[in-house]
Amino acid sequence: MWFEPLSGEVMQEESLPAGVSVSSVLPLPRKDLSHSTAYPFLLIDSAHNVHTMPSKSVEAAKLVEEHPDRFFHYEVDKVGNAVHGFAVKEADKKQELLGLWNLELGSVGEKVVAATSPKHREWDHVPVHIKADASILFKYINRNMLVVVSEEGSSAGGNSTSLNLYALDAVTGHVLHQSHIPGGAAPVNLVACDNWIIMHYHNPRKTRF
């Protein structure tokens with residue numbers, strides 16, 4: 001359902017594709033600033049099909065047609081312990097996902113325990129950070145950054161574990177940064193913003209978080 005937030009009026013209602021679940025929703029930029037129509041977006045289902053919503057929206061279909069190489073999607077698979085990157089492509093007059101890259105952490109004995117992306121969205125207004133000594137730190141502005149943390153057991157066969165933190169570019173799959181935390185274990189909580197990542201984790205060796 002599309003709602004008018006001021007009045008609560010239902011602007012439009014449409015059924016989701018049958019037999020599948022929603023995997024991701026990608027908002028599309030609006031050219032019509034009057035906001036008289038329902039907000040357009042791409043819906044990616046669990047079968048990796050791409051749906052333009054509203055389905056009869058000329059504005060949404062035109063946006064996808066004009067910029068077919070600018071839509072990407074990623075999935076963090078905690079069951080298969082892998083991260084997958086996709087691009088949206090057109091086939092048989094409809095959009096679907098094309099696999100671009102994989103990060104198979106399970107193949108090296110690692111288990112995905114947490115993932116996040118930057119929450120901050122005001123980069124255009126604050127591109128730099130003024131530090132305490134009045135020097136300037138230029139922020140790392142990447143809307144496509146993805147942070148994944150995996151847990152691995154001890155190579156010596158003991159009970160201790162360790163954590164690996166990966167900062168990825170979700171479009172190219174490149175590893176931007178990697179850190180190894182000996183003795184770390186789940187549960188893990190993550191927050192990413194600009195130039196920094198905060199990770200809260202448990203350390204059984206030191207018996208504390």
Do side-chain atoms of N81 reach the backbone of V112 as a donor and acceptor pair under 3.5 angstrom?
yes
Not counting sequence neighbours, which residues clear ring pair (Phe, Tyr, Trp, His ring centres under 6.0 Å) with H73? List them please.
F86
Non-hydrogen side-chain atoms of L176 and N142 separated by less than 4.5 Å
yes
Atom pair OG/CD1 of S179 and I197 - distance to nearest 0.5 Å
7.5 Å
Under a 4.5 Å cut-off applied to non-hydrogen side-chain atoms, are R205 and S160 in contact?
yes
Rounded to the nearest 0.5 Å, how far apart are CG of L168 and OG of S117?
12.0 Å
H177: ring pair (Phe, Tyr, Trp, His ring centres under 6.0 Å) partners, not counting sequence neighbours
none
Set out, in order, the CA-CA distance, both residues' side-chain angles and the distance that settles side chain to side chain contact (heavy atoms under 4.5 Å, CB included) for L190 and V148, then state yes or no.
CA-CA 9 Å; L190 285 171; V148 178; over 6 Å; no
Identify the heavy atoms of E151 and A185 that sit nearest to each other, and give their distance.
OE2-CA, 3.2 Å
Value rounded to 0.5 Å, distance of CE in M145 from OG1 in T116:
8.5 Å
What's the spacing between W101 CH2 and L103 CG if we round to 0.5 Å?
6.5 Å
Any link between L97 and L100 through a network of hydrophobic side chains (Ile, Leu, Val, Met, Phe, Trp, Tyr) touching at under 4.5 Å?
no
Within a radius of less than 6.0 Å around CZ of F209, do more than 12 heavy atoms belonging to other residues, nucleotides or ligands occur?
yes
Tell me yes or no: between the side chains of N102 and H84, is some donor less than 3.5 Å from an acceptor?
yes
Who pairs with K89 by salt bridge (Lys or Arg N to Asp or Glu O under 4.0 Å), at least two apart in sequence or on another chain?
E96
Run V22 and L43 through side chain to side chain contact (heavy atoms under 4.5 Å, CB included) and show every step you take.
CA-CA 7 Å; V22 177; L43 184 147; 4.0 Å; yes
Find out whether H200 and V191 are in side-chain contact, i.e. whether some heavy atom of one side chain is under 4.5 Å from a heavy atom of the other.
no
Holding to salt bridge (Lys or Arg N to Asp or Glu O under 4.0 Å), I want the full list of residues that pass it with E14, two or more places apart in sequence or in another chain.
none
Could you walk me through whether L26 and F41 pass side chain to side chain contact (heavy atoms under 4.5 Å, CB included), step by step?
CA-CA 5 Å; L26 176 64; F41 62 89; 5.9 Å; no
Quickly, which of L163, L165, N189 forms a side chain to side chain contact (heavy atoms under 4.5 Å, CB included) with Y201? Name it, please.
L163
Sorted by first residue and then second, give each side chain to side chain donor-acceptor pair (under 3.5 Å) pair with at least one member in residues 104-113; sequence neighbours left out.
E110-S150, E110-N164, E110-Y166
Return yes if some donor-acceptor pair links the side-chain N/O of S135 with the main-chain N/O of I130 below 3.5 Å, else return no.
no
Does V76 belong to the same Ile/Leu/Val/Met/Phe/Trp/Tyr cluster as V175, with side-chain heavy atoms less than 4.5 Å apart forming each link?
yes
Linking I/L/V/M/F/W/Y whenever any side-chain heavy atoms sit under 4.5 Å apart, do V113 and L146 land together?
no
List the steps and the verdict of side chain to side chain contact (heavy atoms under 4.5 Å, CB included) for D77 and V83.
CA-CA 6 Å; D77 183 2; V83 187; over 6 Å; no
M53 side, atom CE; L42 side, atom CG - distance, nearest 0.5 Å:
10.5 Å
Can you see which heavy atom on A61 is nearest to which on T52, and at what distance?
N-CG2, 3.9 Å
Is the closest side-chain heavy-atom distance between E152 and T161 below 4.5 Å?
no
Do V25 and L16 share a hydrophobic cluster, counting only Ile, Leu, Val, Met, Phe, Trp and Tyr and linking them when any side-chain heavy atoms are less than 4.5 Å apart?
yes
Quick one, F71 and L28 - any side-chain contact, counting heavy atoms below 4.5 Å?
yes
State the CZ-OG1 distance between F72 and T172, to the nearest 0.5 angstrom.
9.5 Å
For V20, the side chain to side chain contact (heavy atoms under 4.5 Å, CB included) test, sequence neighbours excluded, returns P17, D45, S46, A47
Any side-chain heavy atom of V128 sitting closer than 4.5 Å to one from L137?
no
Under a 3.5 Å distance rule, please check whether W2 uses its side chain to pair with a backbone N or O of Y39 as donor and acceptor.
yes
Does E9 reach the main-chain N or O of M11 with its side chain, forming a donor-acceptor pair under 3.5 Å?
no
